[in-house]
Every structure is written in C-alpha cells, then in structure tokens.
Amino acid sequence: MTEMNRRNFLQTLLGGSALAATGGVGTLYSGLARAAAPAFDDYKALVIVYLYGGNDAFNMTVPRGTGTSSHDTYAASRGSVAISDVIRNPGRDLKNSGNPYDAPGLMTDAQKYLNGLYQFDGVGFNALMPELAQLYADKRAAVVANVGSLIQPVVKEELHSTPLPPFLYAHNHQTRAMETGWADNLSANGWAGRLADLWEVHQLSGVNGGSPLGLNVSFSGNSRLQTGSFSSAAVMSPNAQRLFTGNFNVDVFRSLNEGVDGDHPIRRVLHAANRKTADLSDIISEQFAETAAAFDDLNNSYGQKLFSNPDDEDATGEDSLNLQGRLSGQALRGLKAVARMIKLSTESLGLNRQIFYVGIGGFDNHSALTSKHPLLLRELSLALSDFTTAMDHLGLADQVMVGTLSDFGRTLGNNGDGTDHAWAGNNILLGGGMDGGRVLGDWPDLTLSGESDTAQRNGRGRLIPTTSVDQYLATLCSWFGVEDDNMSDLFPNLQNFATGSDVRSAYLALQSSEEEPSEPGLPLPSLPGLG
Amino acid sequence: MVLSVALLSACNSDSSSTPPPLVSETSPAPPPELFEAFRLARQASFGPSTALVSDIRRQGIEAWVDAQLNAPSAYDDPSDDRLSHLQRMIELAVALEPDADWYPDNLAAAAGEPVFSGAASRYSLHYQNSAWFENALQAPDQLRQRVAYALSQILVVSHSEAPLDDRAEALAHYFDILASHAFGNFRELIGDVARSPAMGIYLSHQGNRKADGGLTKPDENFARELMQLFTIGLYQLNLDSTPKTDANGQLVPTYTQDDIEELSKVMTGWDLQFNGDNYGRIRHDEGSLIHPMEFNADQHESEEKRVLGQVIAQGLAEGADLDAALDILFQHANTAPFISRQLIQRLVSSNPSPAYVERVASVFENNGFGERGDLKAVVRAILLDPEARDENQARQPQRGKVAEPLLAYTGLLRAFSARPLDGWYNNKVEGSTPAVNGAYYFRSDFAWDLGQAALRSPSVFNFYSPDFVPQDAFYHDGADGRALVLPELQLRTPANIAGMQALLQTDNNSLLEVNRLIAKSGSIEQFVADTDSWMNRDQIVLVDYSPMLETFDVALDGVKDGVYEGLDSSDQDASRRTARQRAISATLATLELLLLGNQVIPDTERAALIDYFDTDSRFRWGSESERVHKIVNYMVQYIALSPDYLARN
C-alpha cells in the first residue's frame, strides 16, 4: 500500500465507520509499513507515568501567565481549591532546611497544599513538589500546558461544527484515546503497540533482537497503549522478585504450552500468555532479582535510601514528610522497578529501545481533593527525583525521558470539596537531554465561561485543549527515534496539527531555539522564615 | 483410572435412585451428562464441587436452576441461622478480636443505636474478605452469590476509597444489597445501591451539596457513572446490544454533559445516618456505613431538573426525585440490553450472539407477566438459553470465556473439598484471643497474588476492560466488523499466573493440604498446636488431595493403605508401563475428573506430564510419601494454569 493509499484508507475509516469507535479494525496496521526495522546501536527509554482518574493538573503546575492566563484569573475560577501564589524555596536539602511546604502555622495537609507554590516565569509548582521544582530550575523538566485529546484544532466558536473526540469527560474512553493515539478510533491498537509492530520487535531481526521483554514493559497491568498486532507488553509486578516458587519447572511449563494447530482460539491465547510468562520467568527470577539493591547506596532528598517511602518506619522513627496522610508508595515502587529494568536492559540484555508504563491511582478526586491530592503530588515529586538520581548514576539521564499522562484534566470550578471531569490538563516532561525549565504550549483563558471554557454560561471550567495529546506524544516518539514518515502510523490525526505538509511542525520544541543566558541550577530566591 | 470410574458410577447410581421430577407433563429430560452438569456449575456457582455436580445431575439442569432461584437465603429472615455477609463479618471480627472497640462511643451510640465500625481494627478488611470467601466456598445459595458477584463487577465499588479501606462493614453491607436483590428487581437494586454508604462514598455523592450560588456546583461523579456504567451506557443500543447509528453511520450518544449536570443536582442531599449536624463528614469513628444514607432537604437542589428529555418536578418530597431519575434510567431502552449482555459475559460467554442477548434482554423488558427488570427471570433466561447449554453452540470458537483468576481459584478450592481449619486465632493482638472454629481466613491483599479479589477492583471500570481484544488474528478480525473480546484474559499476566502457582503451593503450607499436614505433624490438631503465626498468612483453608493420593496408591499397588509399594519398581505391565507410570496417569485422570469435568487434556501434554513426573529428579528424593505428595502438589499446579482448566466453553 502506498503512502497515499494508506492515508485514504485512514480517512475512510475516520469519516465513514461508527464501528471504528467501538470494535473491530484492530489489525489495521498488520499489513502496513513493513519497511525493515531500524538498526539502533544506542539505548533510549520512554517512561509513561499514567495518573489514573484525571489529574487536577492545574493544581500541580499552576498557570502564571498574563491576562486571562494569570494566577489572579486562575484563583478566581478555582475558588476554595486555588493554590496561593506565595513563593516557596525549592531545594533538595530538605533534612537540614525543613520541609519547604511546611511553613509555620500550617497544620493540615490541605493547608500545606493550598498555601503556596514555587514561582517561575509563567508557571508555579505546587509547594509539595520541591524536588520537581528543582528539576525545573535545573532545566531538566518541562511543563506541557493545556494538552488534551483532539481530532483537529478547535476554538470555542467552532465547538459544535468541528469533529470532537467521542465521549469526552468519560474516564475509560478518554484513557483509551490516550492509549490509541487516535482520539476518534477507540478500538485501535495502542500507539506504543503499533510502534512495536513497526519496529518488528516480535522478530529476531527486529529492534531488541527478539528479546522476550520486547519493546513494551508494564509494571501496571495490561494496557491497550502497549498492545500491538504482533506483540503486547511484558507485564510484571513492581514487587516481583521472581516468578514461580518451589520446584515448579518452567521449561516443562513452557513445553506444555506450545499449543497445537487447530486449538480452540481461547486455548491458543491462554497458551500464548503462559509461554510469555515462562519466557519472562528466566529474566525475572534470575537477572532482575539481582538488581534489587542496585540503588540502595544512593539517597533521596531526605538522605534516606533511594526509592524508599519516607512514610515507612525508619530507624529514627522520625516523620520526615510531616504530613498527616501517608504516601501509597505506588510511584516509588513503579519507578524503582523501571530503573532496575533499565539497568538490567542496558548492562546485561543489550536492548536498544524500551517503553515503560507505570500507573499511579487515586487522581479522581471528586471529593477531598485538598487532602488527597497533596499526597499524590508529594510522592510524584519524590519518585521523579529519585528516578532522575538513578539515571544519573547509570549515566543514562539524557537517554531516558519521562512523560506523564492522565485521562483528562479537571474542572477549574469546584464542587465543594473536589473537582469533576473535564478536558485539557498539564503534563510533566522530564529528562532526555531536552532544554527544560520551560512551558511548552500555551496557557488557556482561565475565566469560567471564557474563551477556553466549553460552556457559554455557568461554565465549570472545562478547558478546550490548546495542544493535542498527539503532538505531545509524537514529540516524545520523535525523540525516541520514530521517523517522521512513520509518525502518521502512530498518530493518524497528527497531520491536522501541522503547518502544511511538514509533520515536524506539529511537534513541540524540546530544544529552545534562542540561547538563554541562564545558569543551570541557579537557586531561586528564598523567603525569610522558610529556611 | 480406578477412582475416576468409581466416582462416575457413584454419580450414576445417585441419579438412578432419585424419583422423577415433580413437573413432568412432557417426557422428562434425561439426566445431564457429567460435563453438562459441570459446565452449568462453572457458570452458576463458584466452582464445581463433586457434591454440586452430583446434585445437578440428580435434579437435572432446569430443575436445579429453578431450585436455586427459589431457595431460601439469608435475606428472607434476618433472625434465622443463615448469615448475611455483614452478620458473618461481624461475627468473625468479634470472635477474633473480642476486646476491640467495634461499637465506638459516637453519635450513634449516644442515640442509643450503637453501630459496628471496622475502624477498630486493621484486620477488618480481612474479616470481610474471609466472610466473602466462606460464602463462595460453601454457601448453599451458590447461584445467588455468584450473580451477586457478577453484579459487583457491573455496579462497582472498591475498598480503595477511604474510609472503605478500613470500615469494611460497608463492603459487606454492599455485597448483601447485591445478593438480596440478585433474584429481585433491577430497579429496586439500583435504588438500594444509590442509597448505600459504600456507593455514596465510592462515587462521592455522599455529602454532595447543592450549588452555593458561586463557584461551587454539585459533584457529577455518581451522576455520570450511574448512566455510563450502571444503567444505559454511552451510546444507543438495539435490543440485541449492537449499537444504533445515525444517518452518517455514527454512534448516537445516550446523554449529554447537560444531562449529567442536571442529574448531579438530583444526587445532592444524601449523607450517612448518625452524622449529626456534620453534613457530608467522613470520619473513621462516626456515621453508619451499614444503613441507607438519609436525605437532607436543606442540602438538596430542589429546583426542577431535566434528565434525558424528561422533567423531574421541583420540590419533590424526600428522595422522590432520586426515584424519579432512577425510573427514567430503568425505563430507558438501553438498560435491558446493556445489563443483560454484561450479565451473560460474567456468567457464560464473552461474545454472546446478538440473538442470545436479545432473548435475554426481552425477558428483562418483560418477564412474561408484565414485569420489567425481573432479575430472577433474566438469570434463568441466561442459564437455560441454548447458547449456554447446547454442546455444539457452546463449543463454537467465538463462544466461551476465560476463567477470571478469582473464580479459577475458588473453583480449585471447591474441587478439593475446601473446609475451615479449626483452632487458629489472632496472634497479633495483646493478650490471649480465643481460637476460632469453622472459620476461613483470606487476607484482603490476597489480590496481590491473584490480581483480583471481590470488591477490590482498581477503579469503577472493574478488573478488566469490557473490550479487551486478545492479540490474535481470530479476535482482531472478529465477526460482523466487530472485534471479539476476552475481558478476563487481560488478567492473565505473568505476575498473576505465577501468583496463583505460589498460592497453590502445599510444600511450604501456603495452601494447607490435610494429608500433607498429617504426614508432617502427625495430626491436624498437632499442626495447629505447633503454629503460632496466623494473621500474616495469605489464607487459612484446608484442602484435601485424598482422591489423587488414593488413586495413586491403588493404581500403584492395588491397595489403598497409604503405603506406596513399587514406587521405584522397573517392572512393566502388559502395556509396558511401570507401576509408577500407571499411578501418575491414573492420578492425572482423577484431576481431569475433578477439575475438567472428565474432559481430557491433549495427548501430547498428557505424555509430557507423565514423563516429567516419572523421570525428573525433583520427584526422586525424600520418603515415598513425600514424593507422592510432591507429585500431586505440582500436578495440580500445572493443570490449574493450563488452558484445559481455564478455557470455559
């Protein structure tokens, strides 16, 4: 199929078939794009941190733009859940300087959450994320502003005449849109799965040389994002030290699951799941287990063992976090497992490309936002910082890029003690050698019922995206080594965001064009009394 | 083979000694074949025990289903000796921690109505999970419990939302709502679900307030999921559950964001009982999680609402607009196919034919007596449909389903005659705690191993996506332009597959096998006396591998005496097999009977297994008794993870 024909084929699907949104058409790419797999000789990893439930991203990275994107407008729209624009001092030396979010007089987690942020030009980081703020100050992290699922660019006046993704604001369908990379085809394979197909990861001659780990590794279950026509993710538990116990013979198990021609299809797919488990068992039970203590000599921002949960009782019995609630440890466990797998994959397995998927639950805070969200942000900051430390230790910091994703953003307006499902939100991008310390994309109009709100009146602040999630993900994939010519296979709507025929014009710029006279790691001014 | 033949003939003699069915105007159906009964037991219970399979064969398929549908339950009379999940959970909690402050001194107590609170112990979730397992493993009303479990995967709540993470009584109370209405009416079911503290907390309409005239608007959470997941779904359906399309071939949404915002106003004013003047407060020691939420008129949006084109009048009396809204959803044309198809998927088949869905949905719409939403009639229609019962239809490649991990596991326990271990106690509390008899223990975080436990899904979207398409051309290509799905396959991850293997280990007493305990400790009582750490165990449940061990014994030396003579003999019989090979083969046949309903595993797999257990050095050391135990232990594990066991069609 020629490039042109393929595009026509896609257009037919996009415009013509309701069924494309609900079922079928999973094998769309199976016969396409069978150019030889690229021969990488370096290593790169993409780490997708998925925030389940719809992150209230405007309280994670707070707009500090001008006009209707200003903090004043933000605060007026958010009401009782707005973060104050008070500066906090970012810094890693928390043990000695005290918790920067923990100013005198703040008692509850909600007070700490609402009381301030780390100020930068154009954006503020919630005070509970000092490590992430520091990474931004060090230009290693960036903010992707007001990004959401779209089929094509849309403005408020044309909301009703422009094709929009189906089932906006519904968790599972918007999650699915993030997974398929194709907002109006929720039944397609995942974009990372299609990339595995494209790179022929299932073949000995493909990328990663036929390793049972494949391209995609998940520490949070089977996700559509990583499912292709020929391969799916290696799914493991972050806690797993080994698969199978006792005298269970994995070789016998594998041979029992070879299957035979004419098997009932249910038997066939069960056999395949068992074979995959057997193949992974060799890697997990022996080599992966050996990496368990690989980062134990490094420290987190409290001087504790890297990736440890400060809420776990330590020898001193000290409450390092000084928060009422406890961290779940999900992000720390997940990113530790990723770091271990990256170490194993680069030092022992000789892999070239990996996409990791780590999910963190608890973001659907219709209620108790101000007591639950602070714990999630606190842990995310710690986990991303610990992960960066681990990558620095491996010397891979510029070869590994982390990006967050979430179902959708939440309403700017509140419902009393929480916020509801909405559309655009912000994401964090970290590592990969990019020029960080910048806001990528544009802030929206933050006025309720304003230019970016979907509603004409009584608006709740469901914001129309100014950047498509396809642009964001394509930017990651381009960094990862996906050819421009292949990008429409992963993100069929991407061309709608390009200027002319140059698909690169749809990407976000990871490198800043002008030389900025800034010094990496420049400490921000600190307020007296916050130490 | 000796024992399997004996069991089969026992079943036959049972059926022949039974009087003919009472209703027999037409010629009575012949007693079902073993596997027909086995298939029904897989669909309608937590797993085929030998007793259940015999029972179905004795009664016949239809009579057994009707008997189950009309059997008494814990919900007929609260004072009888059949215990609800909540009653049993409280009983376990009080027995294992008699000194805990289960009835805290709070507003309810001050009102003279002390209310149980699981916040008194960090083991409360375990007690609730244990009560759930007890019902799954041994409740006589298996079909009711199984349908309640299916409903728990549609009307989802989960322990993950505080304070459900320690006040587990809310989960027991919620499961009781599902079980009590499992054969009742769907409209009454969603009425109780909407008012339940568990759902109120999980989807945050508990404490939801009317708009305050400023920025604050009612919480939309429950309003959205009630429509999207619990009643009508996202797009319009035909009665056979295929989607309707508009003139452009596009799906037709069932509701708009405006409908959600209007419905969210209905969902205001509800709060826990005994919360005093603290509307919407959630605290670990206040409020009842086992009584329906109560209505607070001053927190309720009383203006007129418009939901799905229908008007709900202004200022209705207490709760009346909730009922009006539920009526609108209940009467919606989508509800019958949307709910019917999901129930079929949970009980019978991942890809039911549209005609099957339509037959069941028609019964949902009208049970034959003009009643809509009669779940008893719906369940009956699902289980007695030719597509569920007919061998040829059930074996079609697109039919059937994959066993979900939890049901795969309960099925194993039931097949191996699971029973409680007497004499264990809570070793984690100060002072002496009495030992308990007749109680199981299944830790709440059991799900870490299996990837699944009841009422513990990771989100309101249940354990697996309803449209999980396996990575296989047969499913991708699908039929009629739609992919085929196997939702439960999403949980067949390496972690879960290996996790079940670990749970089944009897060598290290992860799973307590009676013969093994007796061999090691002398008696079960001695094992209990020698054990002092109970509460960190994943599970405390006895299973009995005697059928396999006895088969092995008899096949080996012809005598059932627990002495394994000739285990290492190289003498061959007429078919050139050693006694050991014969015994391994016969034991495999016993497992085929117990776990596969006498379906046989393919010859190549069977030969490979026999060869492995016959020759591998792992089974060549230790006493003869230990070696035979080890063979059976691992044989169970290989079969339990096999497609032979996990494919359900």
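Neither the backbone nor the side chain of N496(B) comes within contact range of chain A, judged by heavy atoms closer than 4.5 Å. Of the two parts of I284(A), neither the backbone nor the side chain holds a non-hydrogen atom closer than 4.5 Å to a non-hydrogen atom of chain B. The part of S465(B) that comes within reach of chain A is its side chain, from C-beta onward, which places non-hydrogen atoms under 4.5 angstrom from that chain. For chain B, no part of S281(A) is nearby; none of its heavy atoms comes within less than 4.5 Å. Using a 4.5 Å cut-off between heavy atoms, H271(A) contacts chain B through both its backbone and its side chain. For D611(B), no part sits under 4.5 Å from any heavy atom of chain A, backbone or side chain. Only the side chain of R224(B) has a heavy atom closer than 4.5 Å to any heavy atom of chain A. In this structure, chain B has no heavy atom under 4.5 Å from any part of D263(A). Looking at K401(B), only its backbone comes within 4.5 Å of chain A, counting heavy atoms on both sides. With a threshold of 4.5 angstrom between heavy atoms, Q505(B) approaches chain A through side-chain atoms but not through N, CA, C or O. Both the backbone and the side chain of N414(A) come within contact range of chain B, with heavy atoms under 4.5 Å apart. Proximity to chain B is limited to the side chain of D420(A), based on heavy atoms less than 4.5 angstrom apart. Residue Y464(B): no heavy atom, backbone or side chain, is found under 4.5 Å from chain A. Looking at Q396(B), only its backbone comes within 4.5 Å of chain A, counting heavy atoms on both sides. The contact between L243(A) and chain B is made by backbone and side chain atoms together, counting heavy-atom distances below 4.5 Å. Heavy-atom distances place the backbone of R78(A), and not its side chain, under 4.5 Å from chain B. In this structure, the portions of L646(B) lying under 4.5 Å from any heavy atom of chain A include both its backbone and its side chain. Using a 4.5 Å cut-off between heavy atoms, P397(B) touches chain A through backbone and side chain atoms alike.
When all heavy atoms of Y169(A) and Q257(B) are compared, the closest pair comes out as CD1-OE1, 3.1 Å. Between L234(B) and H173(A), the shortest heavy-atom distance links the atoms CD1-CE1, 2.8 Å. When every heavy atom of T216(B) is checked against every heavy atom of N415(A), the shortest pair comes out as CG2-C, 3.3 Å. In terms of heavy-atom proximity, N172(A) sits nearest to Q228(B) at OD1-NE2, 2.6 Å.
Here the CD1 atom belonging to I201(B) is positioned 9.5 Å from the OG atom belonging to S367(A), to the nearest 0.5 angstrom. Atoms OG and CZ, from S642(B) and R267(A) in turn, are 7.5 Å apart once rounded to the nearest 0.5 Å. Here the OH atom belonging to Y612(B) is positioned 9.5 Å from the CG atom belonging to L256(A), to the nearest 0.5 angstrom. Distance check: K217(B) NZ to T411(A) OG1 gives 9.5 Å after rounding to the nearest 0.5 Å. How far CZ of F468(B) is from CZ of R224(A): 8.0 Å, rounded to the nearest 0.5 Å. For the atom pair E225(B) CD and D364(A) CG, the distance stands at 7.5 Å (nearest 0.5 Å).
Looking only at heavy-atom pairs under 4.5 Å with chain B, the residue among N249(A), L280(A), V269(A) that has the most is N249(A). Counting heavy-atom pairs closer than 4.5 Å to chain A, the top residue among V460(B), T493(B), I497(B) is I497(B).
Relative ring orientation between Y634(B) and F248(A) is described as tilted, the plane-to-plane angle lying within the 30° to 60° band.
With a 4.5 Å cut-off on side-chain heavy atoms, F253(A) and Q501(B) do not count as touching.
Not a single donor-acceptor pair under 3.5 Å links the side chain of R492(B) to the backbone N or O of A273(A). Side-chain N or O atoms of Q471(B) include none that pairs as donor or acceptor with a backbone N or O of T227(A) at under 3.5 Å.
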